[in-house]
Amino acid sequence: MRVFGVDPGLTRCGFGVVDGGPGRAVRPIAVDVVRTPADEDLALRLLQLSDAVEQWLDRYQPQVVAIERVFSQHNVRTAMGTAQAGGVVALSAARRGLPVVFHTPSEVKAAVTGSGRADKAQVTAMVTKLLGLKTAPKPADAADALALAICHLWRAPMRSRLEEAQARAAEIARTHRAKLAQAGARASAASTKATPIDKREAGKGQ
């Protein structure tokens, strides 16, 4: 499976493409950071980001897009820009019929380092090691994008099994409810068809 990981942002947006192999094997394909000028109009910045996403989708042909979910941030303006950038990426993927999955920062950290509280330096170090890179990807946005792709590759099988189990449980519940409804309908029909006691016959016993 080839995953396009995106660490969304307007000033810096991290892009990373990783291939998954047997077991937990991962192989780096590409990594970069797309920048847009902070003093430029918002619409133009989003357009630049959209163009970059389209180019990467064309060039690397990923099978799924993994985006970091916007988490609570103290800087509302930064959070809004992050959400807008993530929306642009998700829209581009949806237009091509590609599945889009959002992962929280803690999920990514836990998947890559084993701790949901790892700092950026730890994430970068583990990404460098896991992918066998000679130099650490910089800035941190690039490493985070690769970490997102790795996270999805490792969590996707577990997520798929969980969704299958939930689907089976839902189907069993629907079947059970249908059987209960049928049993109730049969009982109601049998009660309706029962012949009431003739009042005259009932009076003989008095």
Side-chain angles (χ1 to χ4, degrees), residues 1-9 12-36 48-71 82 85-116 118-165 167:
M1 178 188 292
R2 174 165 291 185
V3 181
F4 179 24
V6 180
D7 181 33
R12 293 188 307 273
C13 188
F15 286 2
V17 179
V18 178
D19 278 354
R24 292 168 68 87
V26 287
R27 182 168 67 93
I29 302 299
V31 64
D32 201 358
V33 172
V34 175
R35 294 176 170 83
T36 64
Q48 291 176 31
L49 178 58
S50 176
D51 289 342
V53 172
E54 294 290 343
Q55 291 173 9
W56 275 61
L57 293 177
D58 285 338
R59 183 180 305 169
Y60 298 109
Q61 298 292 309
Q63 295 164 279
V64 62
V65 177
I67 305 173
E68 183 173 280
R69 185 183 297 279
V70 178
F71 207 58
T82 301
V88 166
V89 177
L91 177 60
S92 295
R95 281 176 174 163
R96 296 168 181 246
L98 292 173
V100 177
V101 182
F102 293 88
H103 295 285
T104 66
S106 58
E107 287 177 340
V108 176
K109 293 175 182 178
V112 174
T113 71
S115 171
D119 58 26
K120 287 187 176 296
Q122 291 173 306
V123 172
T124 298
M126 283 305 299
V127 165
T128 303
K129 180 180 179 180
L130 292 169
L131 295 176
L133 301 175
K134 294 182 179 179
T135 58
K138 294 180 180 180
D141 311 81
D144 287 346
L146 292 171
L148 274 155
I150 295 172
C151 172
H152 183 76
L153 284 167
W154 288 355
R155 290 178 64 91
M158 180 177 64
R159 182 188 294 259
S160 178
R161 289 194 294 270
L162 178 60
E163 290 175 350
E164 289 175 0

- Task: Using the test side-chain contact (heavy atoms from CB on, under 4.5 Å), find all partners of Leu91 that sit at least two apart in sequence or belong to another chain.
- Result: Arg95

- Is the closest side-chain heavy-atom distance between Pro139 and Arg35 below 4.5 Å? yes

- Query: Do any pairs count as a side-chain hydrogen bond (donor to acceptor under 3.5 Å, both in side chains) and have a residue in residues 128-138, sequence neighbours left out, and if so which ones?
  - Reply: none

- Message: On a heavy-atom basis, which atom in Pro137 and which in Ala142 lie closest, and how many Å separate them?
- Response: CB-CB, 4.2 Å

- Can Lys109 and Gln122 be said to form a side chain to side chain contact (heavy atoms under 4.5 Å, CB included), step by step? CA-CA 9 Å; Lys109 293 175 182 178; Gln122 291 173 306; over 6 Å; no

- Message: So, using salt bridge (charged side-chain N to carboxylate O under 4.0 Å, His left out) as the criterion, who are the partners of Asp7 when residues are at least two apart?
- Response: none

- Using side-chain contact (heavy atoms from CB on, under 4.5 Å) as the criterion, list what pairs up with Val89, not counting sequence neighbours. Val6, Val53, Val65, Ile67

- With rounding to the nearest 0.5 Å, note down the distance linking CZ in Arg155 to NE2 in His103. 7.0 Å

- Not counting sequence neighbours, which residues clear side-chain contact (heavy atoms from CB on, under 4.5 Å) with Ala147? List them please. Val108, Val112, Val123, Val127

- Residues in salt bridge (charged side-chain N to carboxylate O under 4.0 Å, His left out) contact with Arg96, at least two apart in sequence or another chain: Glu54, Asp58

- Check Glu107 against Phe102 and note the closest heavy-atom contact, atom names and distance. OE1-O, 4.3 Å

- Note on the structure: Rounded to the nearest 0.5 Å, the NZ atom of Lys120 sits from the CG atom of Asp144 at a distance of 4.0 Å

- Ile150 vs Leu131, side chain to side chain contact (heavy atoms under 4.5 Å, CB included): CA-CA, chis, key distance, verdict: CA-CA 9 Å; Ile150 295 172; Leu131 295 176; 4.0 Å; yes

- Criterion side chain to side chain contact (heavy atoms under 4.5 Å, CB included) on Leu57 and Leu98, from CA distance to verdict: CA-CA 10 Å; Leu57 293 177; Leu98 292 173; 3.9 Å; yes

- Query: In terms of ring plane angle, is the pair Trp56 and Phe4 parallel, tilted or perpendicular, where the classes change at 30° and 60°?
  - Reply: parallel

- Task: Looking only at non-hydrogen atoms, find the nearest pair between Ala136 and Thr124 and report the distance.
- Result: CB-CG2, 3.8 Å

- Which atoms form the tightest heavy-atom contact between Val100 and Ala93, and what is the distance? CG2-CB, 3.5 Å

- Any idea which heavy atoms bring Val3 and Pro62 closest together, and the distance? C-CB, 4.4 Å

- Please, which pairs that meet side-chain hydrogen bond (donor to acceptor under 3.5 Å, both in side chains) have at least one residue in residues 16-34, sequence neighbours excluded? Arg2-Asp19, Asp19-Arg27

- Query: With side chains defined as the heavy atoms from C-beta onward, is the minimum distance between Thr82 and Pro8 less than 4.5 Å?
  - Reply: yes

- Message: I'd like to check the side-chain contact (heavy atoms from CB on, under 4.5 Å) partners of Ala110; sequence neighbours left out, ordered by chain and number.
- Response: none

- Note on the structure: For Ala66 and Leu148, the nearest pair of non-hydrogen atoms, with its separation, is CB-O, 4.0 Å

- Query: Considering residues at least two apart in sequence or located in another chain, which fulfil the side-chain hydrogen bond (donor to acceptor under 3.5 Å, both in side chains) criterion with Ser106?
  - Reply: Thr104

